[in-house]
Number of protein chains: 4
Amino acid sequence: MTATAERADSRRNREIVLRTAARLFAEDGPDVTLSRIAQRAGVGAGTVHRHFPSKEILVEAVLAEHVESLAAAADRWAAHAAPGDAVYGLLLEVIEKSAGRQPLCDVLTADRGWPRTHLAGSVVRFRDALDRLLGNAQRAGAIRSDVQVDDLCALTVGAATLVAAHRNRSRATRLVRLLLDSLRVTESPVFRDSVSTRRHETAHCVECGTRLHVHPTGRPARYCGPTCRQRARRRRTAG
Amino acid sequence: MTATAERADSRRNREIVLRTAARLFAEDGPDVTLSRIAQRAGVGAGTVHRHFPSKEILVEAVLAEHVESLAAAADRWAAHAAPGDAVYGLLLEVIEKSAGRQPLCDVLTADRGWPRTHLAGSVVRFRDALDRLLGNAQRAGAIRSDVQVDDLCALTVGAATLVAAHRNRSRATRLVRLLLDSLRVTESPVFRDSVSTRRHETAHCVECGTRLHVHPTGRPARYCGPTCRQRARRRRTAG
Amino acid sequence: MTATAERADSRRNREIVLRTAARLFAEDGPDVTLSRIAQRAGVGAGTVHRHFPSKEILVEAVLAEHVESLAAAADRWAAHAAPGDAVYGLLLEVIEKSAGRQPLCDVLTADRGWPRTHLAGSVVRFRDALDRLLGNAQRAGAIRSDVQVDDLCALTVGAATLVAAHRNRSRATRLVRLLLDSLRVTESPVFRDSVSTRRHETAHCVECGTRLHVHPTGRPARYCGPTCRQRARRRRTAG
Amino acid sequence: MTATAERADSRRNREIVLRTAARLFAEDGPDVTLSRIAQRAGVGAGTVHRHFPSKEILVEAVLAEHVESLAAAADRWAAHAAPGDAVYGLLLEVIEKSAGRQPLCDVLTADRGWPRTHLAGSVVRFRDALDRLLGNAQRAGAIRSDVQVDDLCALTVGAATLVAAHRNRSRATRLVRLLLDSLRVTESPVFRDSVSTRRHETAHCVECGTRLHVHPTGRPARYCGPTCRQRARRRRTAG
DNA sequence: CATGAATGAGCCTTCATTCAT
DNA sequence: GATGAATGAAGGCTCATTCAT
């Protein structure tokens with residue numbers, strides 16, 4: 001298996017370069033030099049070019065991998081959560097994962113011509129998955145019927161930027177949750193053509209967002225358990 | 001008075017360069033070359049460097065002027081609008097004006113070390129003005145009491161990105177309005193992830209965001225008056 | 001006249017770079033590096049690129065100037081010499097001037113696509129002038145009537161190479177003169193096929209070159225054996 | 001016999017690489033990359049370097065093989081043709097075979113320092129063989145006595161370039177034959193400076209180039225005697 | 001011994017900055 | 001002051017060569 005072994009070695013290098021590039025792009029923006037990436041990855045400049053013939057292709061590969069993971073997340077949420085939870089859960093996950101990754105914006109919304117088609121495919125996969133989740137949630141009455149997948153993409157991008165811009169990460173997250181709530185159905189005609197009908201019951205831990213079982217009677221629970229309750233108390237008394 | 005005449009000429013040149021740079025940065029991103037700016041401004045490369053010794057300084061000057069204008073807008077809203085309207089109006093104006101200007105994000109939130117202190121001062125002025133507006137609004141009960149000025153800054157940045165990322169500008173604007181509504185007071189606990197919160201009734205001019213008096217019956221008004229109705233019509237027919 | 005003075009300075013630089021490039025191309029072939037040209041010209045790398053935005057453009061400029069001078073020579077000979085002398089004089093001058101400048105070959109004969117049209121124009125000018133001289137000489141009976149301008153171009157290129165290849169320049173020149181005499185009119189049949197060539201019989205494996213035994217009958221073998229046949233097939237199917 | 005088998009395999013690989021390199025050098029010039037050669041040869045880059053430690057050595061090997069084949073051709077012509085036929089036949093064969101192979105020029109005439117002495121030896125062998133043929137032909141009166149072997153080498157190189165430069169291969173060949181005829185003996189002074197003089201009447205045996213006595217009347221003789229007439233007939237009937 | 005991935009020096013080119021005019 | 005040519009330090013990319021598998 002000599003050939004296989006060598007290929008494994010090469011693939012590991014590719015992996016290292018990709019990961020290093022992703023980190024540096026996230027940290028320092030898209031203007032990082034290839035030499036720096038190569039240096040940090042511990043390989044020569046030529047190795048980077050062997051795996052990614054041009055810088056643009058490297059950028060695309062990084063983005064593609066990210067979008068790929070987002071699409072996987074969408075599939076995960078679709079499989080394991082109730083319609084309403086799925087969209088919100090996915091959006092939150094995407095926002096968290098994408099915070100600070102500005103070029104991701106371009107890729108999820110605008111369609112620049114990328115040298116290879118791989119990325120475009122991933123984006124389509126993600127948008128389609130998101131669209132399905134959105135449809136399910138709307139049919140379940142968990143989200144306004146006038147929301148479109150483009151709205152969600154732009155919202156995602158904006159929220160990711162918000163999170164990255166905020167000095168306090170946890171406040172940012174809670175703010176994003178508050179904003180996302182705007183998408184839940186209401187009777188008010190904000191998006192002009194919206195016709196809201198039903199209102200479904202869901203509840204999440206105020207601290208960590210875990211879904212809570214809703215009891216038909218009694219005071220609604222705010223936390224998923226003592227851990228989160230205590231954590232919230234600590235923050236209140238600290239503030 | 002040759003000296004004075006020359007100084008006037010020089011100042012005009014500075015203005016032209018600044019304005020051209022602002023336009024090109026907005027259009028083509030922060031990687032525009034100085035030669036292009038000089039060429040578009042109709043001056044030589046040396047002139048640009050006389051007024052702005054380095055590219056970073058030019059970038060800072062462009063940002064500073066933008067933030068300056070935002071601060072002025074804040075003052076305007078403070079002077080001429082009710083507390084509640086002022087914050088929302090200002091936020092919308094800032095978002096509209098900043099859409100697509102990504103480096104503005106950095107400046108409003110993170111404090112990168114800029115070569116000259118001018119920009120930092122402008123940012124402080126803006127934040128202070130925004131803070132005052134926020135306080136007024138909160139005292140007037142028009143905005144949640146747990147919102148801080150940092151939240152608003154990050155929100156601004158995120159919304160600006162959202163608007164820039166959305167393919168449909170008017171949908172984006174309406175989406176942003178919907179999100180901003182989340183900040184209005186509710187009976188729900190602070191930053192609660194609020195499945196079971198009810199939204200109260202609000203309505204705003206879809207053109208300028210001014211709050212509208214809600215009549216209990218009849219077709220809801222969409223505009224605050226003929227001026228905005230006409231403006232919206234003009235945009236529709238132009239599109 | 002400040003502007004004029006500066007432009008004069010710049011033009012001098014351009015001239016220096018062009019001349020240096022011409023010399024180095026002639027001396028060391030077309031693979032000289034731009035840095036070396038810049039260094040020898042006593043300017044920075046950027047200056048070379050200001051005047052000649054790409055290496056190809058620089059090469060073209062060098063060639064164009066050369067061809068330009070050849071065309072001028074053609075005009076000179078046409079104006080000041082008898083028809084017969086003019087062609088031969090021009091050919092000799094062109095050969096002398098072009099000796100050792102191999103890329104000139106490409107330009108006078110083959111039409112590669114050059115980035116700028118300037119060069120193509122010069123070549124056409126030269127060929128037209130040469131064609132006119134040729135016609136005149138033929139009408140005057142000073143040159144064989146079956147010679148075409150393409151023959152002269154190729155001859156020029158070959159003779160220039162000959163001169164450059166010969167160790168003794170003056171012998172080379174006299175040899176070229178002798179050869180040129182072949183073009184003068186004779187009674188012998190046109191372009192007589194005057195020397196016998198005999199081809200010998202051999203065959204080799206088209207893959208590895210091993211000599212093959214030639215069977216007097218049957219379809220000739222192309223490979224020395226199954227190994228090479230298979231290898232060739234693999235390459236063909238690999239595309 | 002593993003060692004023997006391996007050695008045979010290795011030698012075949014060497015042959016393949018050499019042949020591929022020769023082809024690519026001829027097709028695409030001397031700037032072909034080694035990777036391309038390796039790829040086309042169906043071997044790895046390392047294999048190329050095992051057989052030819054540097055690119056220059058590979059180039060030299062290609063040239064050496066070519067010159068080797070030219071020397072063999074010289075021997076063949078010496079063995080099987082009359083003195084006059086031999087030189088002209090060889091020159092034509094060399095020219096045909098070398099057309100378009102510019103680096104061959106350098107090798108036949110100028111002595112660049114090649115890393116290995118192999119090539120120099122081949123060149124010497126070729127020049128010696130050519131020299132012998134030249135002497136024979138001169139003694140047979142088939143070629144001007146003032147021609148030296150250096151002249152022939154340079155002429156070869158020039159003619160090869162001419163052929164490569166001409167757009168019409170068959171015209172080029174005939175032109176070259178015409179030029180070669182200049183080397184046949186005449187009564188005119190050696191290497192006459194001939195631009196402005198008239199040519200005198202000469203006639204040569206079409207087969208071996210011997211000068212013929214020109215009768216003022218009657219049909220001009222084509223052959224120097226029965227031998228050459230018969231030889232020409234044989235060739236005509238064989239073709 | 002073959003393979004092909006890794007290396008890194010060097011190429012062409014760009015562009016912020018300097019400086020002579 | 002204004003101009004725009006000159007500068008030269010990187011940046012992206014290539015490719016001959018080396019080396020681990």
Side-chain angles (χ1 to χ4, degrees), chain A residues 1-14 31-36 38 42-56 58, chain B residues 2-3 5-7 9-10 13 31-39 42-56 58, chain C residues 1-14 31-36 38 42-56 58, chain D residues 2-3 5-7 9-10 13 31-39 42-56 58:
Chain A
M1 295 299 208
T2 311
T4 308
E6 190 145 50
R7 193 179 302 156
D9 208 48
S10 174
R11 187 172 288 181
R12 174 161 44 232
N13 256 333
R14 199 196 124 99
D31 285 344
V32 220
T33 70
L34 288 190
S35 2
R36 194 145 161 256
V43 302
T47 303
V48 176
H49 276 87
R50 160 173 289 270
H51 293 295
F52 308 97
S54 82
K55 187 176 188 180
E56 202 171 19
L58 174 57
Chain B
T2 310
E6 277 177 358
R7 192 183 303 158
D9 206 48
S10 172
N13 262 337
D31 285 342
V32 218
T33 68
L34 287 191
S35 9
R36 192 143 166 258
I37 293 175
Q39 193 186 347
V43 303
T47 305
V48 175
H49 271 82
R50 168 168 306 277
H51 293 295
F52 308 97
S54 85
K55 188 176 188 178
E56 203 169 21
L58 173 58
Chain C
M1 293 301 205
T2 310
T4 307
E6 191 144 51
R7 194 179 301 158
D9 208 47
S10 174
R11 187 171 290 180
R12 176 164 39 236
N13 255 334
R14 198 196 124 100
D31 286 342
V32 222
T33 70
L34 287 191
S35 2
R36 197 148 158 255
V43 302
T47 303
V48 176
H49 274 87
R50 159 174 289 272
H51 294 294
F52 308 97
S54 84
K55 187 177 188 178
E56 203 171 19
L58 174 58
Chain D
T2 311
E6 278 177 357
R7 192 182 303 159
D9 206 49
S10 173
N13 262 335
D31 286 343
V32 218
T33 68
L34 288 191
S35 8
R36 191 141 166 259
I37 292 175
Q39 192 186 347
V43 303
T47 304
V48 175
H49 271 83
R50 167 167 308 277
H51 294 295
F52 308 96
S54 83
K55 187 177 190 179
E56 201 170 21
L58 174 57

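Quick note: numbers below take in every heavy atom, side chains included, and nothing from hydrogens, waters or symmetry partners. In what follows, chains are A, B, ... by sequence order, proteins preceding strands, each numbered from 1.
- Along DNA chain E, the nucleotide nearest to C:K55 and the one nearest to B:F52 differ in position, and the one closer to the 5' end is contacted by C:K55.
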- [ ] Would you please test B:H49 and B:L58 for side chain to side chain contact (heavy atoms under 4.5 Å, CB included) and show each step?
- [x] CA-CA 9 Å; B:H49 271 82; B:L58 173 58; over 6 Å; no
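- Nearest nucleotide to the C:T33 side chain, out of E:dC12, F:dA6, F:dT3: E:dC12.
- Under 4.0 angstrom from either OP1 or OP2 of F:dG1 there lies no side-chain N or O belonging to B:N13.
- To the nearest angstrom, C1' of F:dC13 lies 20 Å from CZ of A:R36.
- The nearest heavy atom of DNA chain E to D:V48 and to C:A45 marks one nucleotide each, and the one closer to the 5' end goes with D:V48.
- Nearest to the side chain of B:L34, among F:dA2, F:dA5, E:dT17, sits E:dT17.
- Pairing of F:dA20, defined by two Watson-Crick or G-U wobble distances under 3.5 Å, is identified with E:dT3.
- Regarding D:Q39, its CD atom lies at a distance of 14 Å from the C1' atom of E:dT3, rounded to whole Å.
- For the pair D:I37 CD1 and F:dT17 C1', the interatomic distance rounds to 14 Å; values are reported in whole Å.
- Annotation: side chain of B:S10 is in contact with side chain of B:H51 (closest heavy-atom distance under 4.5 Å).
- Base pairing of E:dC15 is made with F:dG8, judged by Watson-Crick or G-U wobble geometry with both donor-acceptor distances under 3.5 Å.
- Atom OG1 of D:T33 sits about 7.0 Å away from atom NZ of D:K55, to the nearest 0.5 Å.
- Phosphate contact (OP1/OP2 of F:dT7, side-chain N/O of C:H49, threshold under 4.0 Å): absent.
- Remark on DNA chain F: of its neighbouring residues C:V43 and D:P53, the 5'-side contact belongs to C:V43, judged by nearest-heavy-atom nucleotide.
- If you measure from atom CG of B:D31 to atom C1' of E:dA16, you get 13 Å, rounded to the nearest angstrom.
- In this structure, A:D9 atom CG and E:dT7 atom C1' are separated by 14 Å, rounded to whole Å.
- Between the C1' atom of E:dT13 and the CG atom of C:L58 lies a distance of 14 Å, rounded to the nearest Å.
- Judged by closest nucleotide on DNA chain F, B:R50 is the one of B:R50 and C:G42 placed further toward the 5' end.
- For the atom pair A:F52 CZ and A:T47 OG1, the distance stands at 11.5 Å (nearest 0.5 Å).
- Using a 4.0 Å heavy-atom criterion, one finds that B:T47 contacts the bases of the nucleic acid, with or without backbone contacts as well.
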